[in-house]
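Notes follow the structure.
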Amino acid sequence: MTVEQAVKDVKALQMQQHAYAHAEGMLYLDSVTQAPKGSAEARGKTLEILSEDEYKRFVNDEVRDLLFFLRDNRAALDAQTAREAEVLLEDYEKLTRIPMEEYVAFSVLVNEAQAVWHEAKEKSDYAMFKPYLEKLIEANRRFAGYYDAKAKPYDALLNEYEKGFTMDVLDPYFAQVKAELVPLLRRVKDIPVSDGFLYKSYPVPLQRKLSDELMRVMGIDRAHCNIGETEHPFTINFSKYDVRITTHYHENALASSMYSVIHEGGHALYELGTADALQYGALASGASMGLHESQSRFFENIIGRSEAFIDAVFPIITDLFPEQLSGVSAYDFFRAVNRAQPSLIRTEADELTYSLHVMVRYELEKRLIEGTLSVDELPAAWNALYTEYLGVDVLDDRRGVLQDSHWSGGSFGYFPSYSLGSAYAAQMLFAMRGEVDVEGSVARGDLEPVKAWLVEKIHRHGRMYEPKALLEMACGAPFDPKYYTRYLTEKFTALYSL
Ligand code: ZN
């Protein structure tokens with residue numbers, strides 16, 4: 001094999017993978033938007049063929065030889081191809097490390113566990129889910145050994161989701177979150193904020209117009225990104241040339257879809273900003289789940305919930321909803337969309353309390369995987385941490401330990417990346433302020449300088465670098481949780497006049 005031929009082959013392989021992902025993604029998107037109810041079985045047959053084919057084209061001796069050849073000849077490759085080969089080899093090893101029969105058994109277990117979890121959650125019946133949870137934990141402990149036999153099991157799992165962010169990084173991170181944010185929340189939680197006007201009637205056709213306006217202000221290129229409607233908002237992309245976001249409109253909750261659009265719009269901007277040269281290849285998407293979440297939360301919270309942004313968009317909102325917002329000032333609106341309130345449900349949490357919800361899960365799954373907490377003790381431990389960190393009493397397991405789907409889906413070590421996204425975003429804000437007049441330009445409704453910074457430092461690189469390295473390059477300093485707690489402390493101290 002010559003290097004020239006190997007490069008040609010690895011580019012062709014990636015183009016094929018892209019084509020499969022494109023077709024499968026399109027079928028998925030259709031299934032949650034347009035497809036009629038009775039179409040699932042027929043679609044399932046097609047997906048089965050596609051995914052089997054996709055697997056066979058990737059997991060075989062020829063591809064393995066090709067990837068090892070490229071690794072051994074790394075010095076002769078350009079930086080992009082070298083990284084593509086590295087990422088593909090990582091993916092390859094990930095797919096083949098777990099023995100086939102264990103992988104199949106795990107899929108069967110997850111399938112069952114998810115069905116049981118749905119019912120258990122509905123009935124708030126933890127005992128029903130408990131035996132499955134126990135098996136899922138055991139399987140994850142074994143998988144951790146396959147991922148990295150030398151690492152602590154929970155570290156090996158964490159590394160699968162956000163590379164480089166193991167307990168030696170996350171323990172001090174969450175310790176700082178706890179030390180700064182738990183007392184801050186205690187100080188603000190009983191201060192009343194009037195937000196009743198957000199829950200008046202906001203007709204959906206007008207909310208759709210607001211979505212268009214928000215996407216315009218964010219500078220989202222509608223020739224390459226459109227918006228649909230689904231039960232749960234999400235972003236899916238097939239390349240930087242075809243990105244889709246979705247939202248869900250609630251007639252009696254204006255801020256719900258508004259901030260979904262800004263959040264998903266942040267994900268979309270990341271994809272739209274990746275370099276042309278990376279398209280159709282293994283690097284043509286975000287660097288990690290945490291970094292993707294940093295972009296959505298940067299736009300949703302740091303920009304979208306800032307006083308400057310509300311000043312810029314409030315005239316647009318009142319134009320659409322003059323009656324609902326009569327007598328409401330931009331400042332009232334800004335206060336209302338930032339109302340901090342301890343709650344039971346992570347997905348409904350505000351900017352200040354969000355990471356406390358994640359911290360509960362981090363501490364518990366760490367102990368579950370370590371074996372220092374049993375599934376019998378889990379609900380009581382969950383409830384105790386909610387009382388300690390958020391000051392709320394968990395009313396039942398449906399709104400407690402059974403609320404998230406992640407564990408039933410077999411995922412342990414996933415949660416921290418949600419919180420890291422917010423922390424990365426805050427660190428980016430402080431770095432950006434050194435080069436860009438963030439508040440000034442946002443207040444004028446001009447997001448271009450902010451976007452240009454993010455494209456230059458983050459977006460265009462796609463998956464070229466690992467998350468830790470990319471963040472450090474962008475911010476000129478390694479990851480440091482102090483920016484996140486400082487950002488929140490400054491914001492909520494001012495907002496609540498503490
Ligand atoms: Zn997101």
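Heavy atoms only: backbone and side chains are in, while hydrogens, waters and symmetry mates are out.
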I'd like to know if [X] and [Y] make a salt bridge, using a cut-off of under 4.0 Å between side-chain N and carboxylate O.
| X | Y | result |
| --- | --- | --- |
| K457 | E435 | yes |
| D91 | R463 | yes |
| E271 | K240 | no |
| E90 | K163 | yes |
| D397 | K121 | no |
| E86 | R83 | yes |
| E448 | K451 | yes |
| R361 | D404 | yes |

I'd like to know whether the aromatic ring centres of [X] and [Y] sit less than 6.0 Å apart in this structure.
| X | Y | value |
| --- | --- | --- |
| Y92 | F58 | yes |
| F234 | Y28 | yes |
| Y386 | H357 | yes |
| H263 | Y259 | no |
| Y331 | F334 | yes |
| F165 | Y424 | yes |
| H248 | H232 | no |

Between [Y] and [X], is there a side-chain donor-acceptor contact under 3.5 Å, judged purely by atom types and distance?
| X | Y | answer |
| --- | --- | --- |
| Y280 | Q16 | no |
| E162 | S417 | no |
| Y241 | D276 | yes |
| H267 | S296 | yes |
| E251 | Y199 | no |
| E84 | Q14 | yes |
| Q295 | H459 | yes |
| Y484 | S355 | yes |
| K11 | T81 | yes |
| T485 | Q176 | yes |
| Q341 | T353 | no |
| R305 | N301 | yes |

Determine, for Y496 and R335, whether the Lys NZ or Arg CZ falls below 6.0 Å from the six-membered ring centre while staying within 45 degrees of the axis.
->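 Ring-cation test returns yes.
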Relative to Y483, does R486 satisfy both conditions: NZ or CZ under 6.0 angstrom from the six-membered ring centre, and within 45 degrees of the ring's axis?
-> no
Hey, what do you get for [atom1] ([X]) to [atom2] ([Y]), rounding to the nearest 0.5 Å?
| X | Y | atom1 | atom2 | value |
| --- | --- | --- | --- | --- |
| F238 | Q279 | CZ | CD | 13.5 Å |
| Q427 | D480 | CD | CG | 6.0 Å |
| L278 | S285 | CG | OG | 10.5 Å |
| E472 | F479 | CD | CZ | 12.0 Å |
| F299 | F309 | CZ | CZ | 9.5 Å |
| L495 | K491 | CG | NZ | 7.0 Å |

[X] versus [Y], closest heavy-atom pair with distance:
| X | Y | result |
| --- | --- | --- |
| L254 | Q207 | O-OE1, 4.2 Å |
| G265 | I245 | N-CD1, 4.3 Å |
| P416 | L170 | CB-CD1, 3.9 Å |
| G445 | V217 | O-CG1, 4.4 Å |
| W453 | A474 | CZ2-O, 3.5 Å |
| N226 | R222 | CA-NE, 4.4 Å |

Measure up the W407 and F412 rings against each other and bin them: parallel (under 30°), tilted (30 to 60°), perpendicular (over 60°).
-> parallel
Parallel, tilted or perpendicular: which fits the ring planes of Y414 and Y418, with parallel below 30° and perpendicular above 60°?
-> tilted
Walk me through it: do Y202 and H250 pass the test side-chain hydrogen bond (donor to acceptor under 3.5 Å, both in side chains)?
-> CA-CA 8 Å; Y202 291 89; H250 298 270; over 6 Å; no
Answer whether the closest heavy-atom distance between the side chains of F492 and L185 falls below 4.5 Å.
->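 No - every pair of side-chain heavy atoms lies 4.5 Å or more apart.
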Could you go step by step and tell me if Y154 and E365 meet the side-chain hydrogen bond (donor to acceptor under 3.5 Å, both in side chains) rule?
-> CA-CA 8 Å; Y154 189 54; E365 62 179 18; 2.7 Å; yes
Please walk me through it: do S343 and V392 pass side-chain contact (heavy atoms from CB on, under 4.5 Å)?
-> CA-CA 7 Å; S343 64; V392 291; over 6 Å; no
Do you know which of T247, T246, T235 makes side chain to side chain donor-acceptor pair (under 3.5 Å) with E264?
->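 Passing option: T235.
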Under 6.0 Å from the [atom1] atom of [X], do we count more than 12 heavy atoms belonging to anything else shown?
| X | atom1 | result |
| --- | --- | --- |
| E323 | CD | no |
| K200 | NZ | yes |
| R433 | CZ | yes |

Quick one: do E213 and R216 satisfy salt bridge (Lys or Arg N to Asp or Glu O under 4.0 Å)? Show the steps, please.
-> CA-CA 5 Å; E213 288 295 315; R216 183 183 58 73; 2.7 Å; yes
